[in-house]
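Worksheet: the structure to be examined is printed underneath.
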2 protein chains.
Amino acid sequence: MTEAVETVRDTKDRILDAAEGLFSRQGFAATSLRQITGEARVNLAAVNYHFQSKEALIVAVIQRKMGPINERRLALLDALESDLPEQAPELERVVWALFRPVFEARLLGVELGNFPRLMGRMFTEPGDWVQRVLGQALGGIVERFGAAARRALPGLRQEDLGWGMLFSVGAMAHYLAGGEILRFLSRGQSNELDQEEALDRLVRFTSAGLRAMVTGREMSA
Amino acid sequence: MTEAVETVRDTKDRILDAAEGLFSRQGFAATSLRQITGEARVNLAAVNYHFQSKEALIVAVIQRKMGPINERRLALLDALESDLPEQAPELERVVWALFRPVFEARLLGVELGNFPRLMGRMFTEPGDWVQRVLGQALGGIVERFGAAARRALPGLRQEDLGWGMLFSVGAMAHYLAGGEILRFLSRGQSNELDQEEALDRLVRFTSAGLRAMVTGREMSA
DNA sequence: GCTTCAGTCATACGTTCGTTTGAATCATAC
DNA sequence: GTATGATTCAAACGAACGTATGACTGAAGC
């Protein structure tokens, strides 16, 4: 009985879900609307009806999950800072607040689904406008977490922070997007993708890397 | 006088050069053969004549630069190990030998051109067969450098190494592929892309991260 | 000087792409 | 029950895709 009725919300969400999964596995350019509507079992024209274009669909896919993730990030950082109002929080805790929301299976009732892997792809996805959407969505996040990191790590210059963030985001994105390559690099020794262990490892790796970015500033040559 | 004669080598290389640049900027799927032949100023059919297909062209683009890079990597590592035959080389030196060839402007007479950026993209590129080409090209490298890293870092388990390599490759790939995002993350403070500084930063970041992967191995619950 | 053959060229093939159209279908309100 | 507005549907659009074809070009071999 329930399956006979398919509301608009069903259709839009089914499109978004199918698109998210296919984009994460194949990338934006290599995924056709016919694949998406086929997997979502909706009519081809539904994409251009509910969204206006393929490009707008991509933006919708990103924004649906990116907003809640960023809210959660800020909430975690707020909690950290109000926990010890006087002193700066430990660097590991700041980094943890940045990465944790991406690893959470459920997020304020929002299933992440295939979004983490898609998020990993986005950062290296070609196309100026994808980068623009990403930059717009991350603007405030970079500012807040950058300030927190510099408070947690005295001596870290703005320039050092930029490099550290670049590498950290790369490490995260690569893990999230990584399919077979993890198993390959570790030669089968790594355990199956345990989210908690992965988050812990990532936090430790990037925190140590960030610390190594602060230098005594001897003139290099 | 020189421009009137265009040999086969000219044509094949012009295709490879144009393809490398376009692939690195747009990705494989989003780049059409007409774009490539247009930029290379050769006939459309030349691609399917000199290479058999678009897919084979991609493989050719990758292998042209990947081989020399890996040879150079092994040469640098050999030099390191024969330098101090008794003791293990410092971790930073091992990591340096792994990354340095990608950053070198000239490499055994081979111009790297747009390949570094393409290399950054490849790791997150969708498509099973791209991953297969990559894995095949990197097999020996992972083995040799993994062993060297474990000798440089006693206590680093195979599992730890797998995670560390995953994050390290991600950091490298993200920097190489990164276009505007570096300037964005650093809020305009970072200097222009200075290859030497970038390599130094990357080595410091990933070495510190790798060191943080070795743990006392208390059962994590 | 004729043959040979690797290379280049314009052109077209069949397919798939994103998008559009207009009719059919449905729930809701009166 | 009939009108209304939103949604779904099959079908088609023109454009762009990767690939294939066959004629043309030019230097090398004899």
Side-chain angles (χ1 to χ4, degrees), chain A residues 1-62 118 125-130 133, chain B residues 1-62 64 125-130 133:
Chain A
M1 288 303 157
T2 57
E3 81 173 28
V5 180
E6 290 174 356
T7 69
V8 180
R9 174 136 201 91
D10 277 337
T11 297
K12 286 188 74 167
D13 275 349
R14 284 227 301 279
I15 291 174
L16 287 169
D17 288 338
E20 182 182 290
L22 286 165
F23 286 153
S24 76
R25 290 193 296 272
Q26 309 178 348
F28 297 129
T31 299
S32 70
L33 296 184
R34 284 168 177 82
Q35 275 185 283
I36 295 172
T37 55
E39 187 166 306
R41 294 194 303 116
V42 301
N43 189 270
L44 170 62
V47 171
N48 285 288
Y49 175 77
H50 289 288
F51 314 88
Q52 295 98 333
S53 63
K54 181 183 181 180
E55 191 169 309
L57 170 63
I58 296 175
V59 174
V61 169
I62 294 176
L118 173 62
E125 186 77 18
D128 313 328
W129 64 271
V130 175
V133 171
Chain B
M1 288 300 157
T2 57
E3 82 173 27
V5 180
E6 290 176 358
T7 69
V8 179
R9 174 135 202 90
D10 277 336
T11 297
K12 286 189 75 168
D13 275 349
R14 284 226 303 279
I15 292 175
L16 287 171
D17 288 339
E20 182 181 290
L22 285 166
F23 286 153
S24 77
R25 291 193 295 273
Q26 309 179 349
F28 297 129
T31 300
S32 70
L33 296 184
R34 284 169 176 81
Q35 273 184 286
I36 295 171
T37 56
E39 186 166 306
R41 295 194 305 116
V42 301
N43 189 271
L44 170 62
V47 172
N48 284 288
Y49 176 78
H50 289 288
F51 314 88
Q52 295 99 332
S53 64
K54 182 183 180 181
E55 191 169 308
L57 170 64
I58 297 176
V59 174
V61 169
I62 294 176
R64 176 173 65 147
E125 185 77 18
D128 314 326
W129 63 271
V130 175
V133 171

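Just so it is clear: chains get the letters A, B, ... in the order the sequence lines come, proteins before strands, and each one is counted from 1. What's counted below: heavy atoms across the whole structure, side chains too, no hydrogens, waters or symmetry copies.
Taking atom NZ of K54(B) as the reference point, atom C1' of dT15(C) lies 15 Å away to the nearest angstrom. When rounded to the nearest whole Å, the span between CZ of F28(B) and C1' of dG18(D) equals 17 Å. Counting to the nearest Å, the P atom of dC17(D) and the CD1 atom of I36(B) are 11 Å from each other.
Between S32(B) and dA16(D), a side-chain N or O to OP1/OP2 separation shorter than 4.0 Å is absent. Look at N48(A) and you won't find any side-chain N or O under 4.0 angstrom from OP1 or OP2 of dG18(C). Phosphate proximity of dT7(D) to N43(A): absent, as no side-chain N or O sits under 4.0 Å from OP1 or OP2. Under 4.0 angstrom from either OP1 or OP2 of dT8(D) there lies at least one side-chain N or O belonging to T11(A). A sub-4.0 Å separation between OP1 or OP2 of dA6(D) and a side-chain N or O of H50(A) is absent.
In this structure, the nucleotide among dT19(D), dA6(C), dA12(D) sitting nearest to the side chain of L44(A) is dA12(D). Here the side chain of R34(A) is nearest to one of dT7(D), dC9(C), dT19(C), namely dT19(C). The side chain of L33(A) lies closest to dT19(C), out of dT21(C), dT19(C), dT19(D). Minimum atom distance to the side chain of Y49(A) is reached by dT7(D), of the listed dT19(D), dT7(D), dG7(C).
Shown here is Q52(B), whose CD atom has no more than 12 heavy atoms of other residues, nucleotides or ligands within 6.0 Å.
Residues V47(B) and K54(B) form no side-chain contact, since every pair of their non-hydrogen atoms from C-beta on lies 4.5 Å or further apart. When side chains are defined from C-beta on, L57(B) counts as touching L16(B), because their heavy atoms get closer than 4.5 Å.
Positionally, the nearest nucleotide of DNA chain C for Q35(A) lies more toward the 5' end than for the other of A45(A) and Q35(A).
The residue T37(A) sits apart from the nucleic acid: no heavy atom pair falls under 4.0 Å. Residue contacts shown for A46(B) are absent, as no nucleic acid heavy atom lies under 4.0 Å away.
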* From CA spacing to verdict: side chain to side chain contact (heavy atoms under 4.5 Å, CB included), F51(B), V59(B) -> CA-CA 10 Å; F51(B) 314 88; V59(B) 174; over 6 Å; no

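Using a 4.0 Å cut-off between charged nitrogen and carboxylate oxygen, D17(B) and R64(B) count as a salt-bridge pair.
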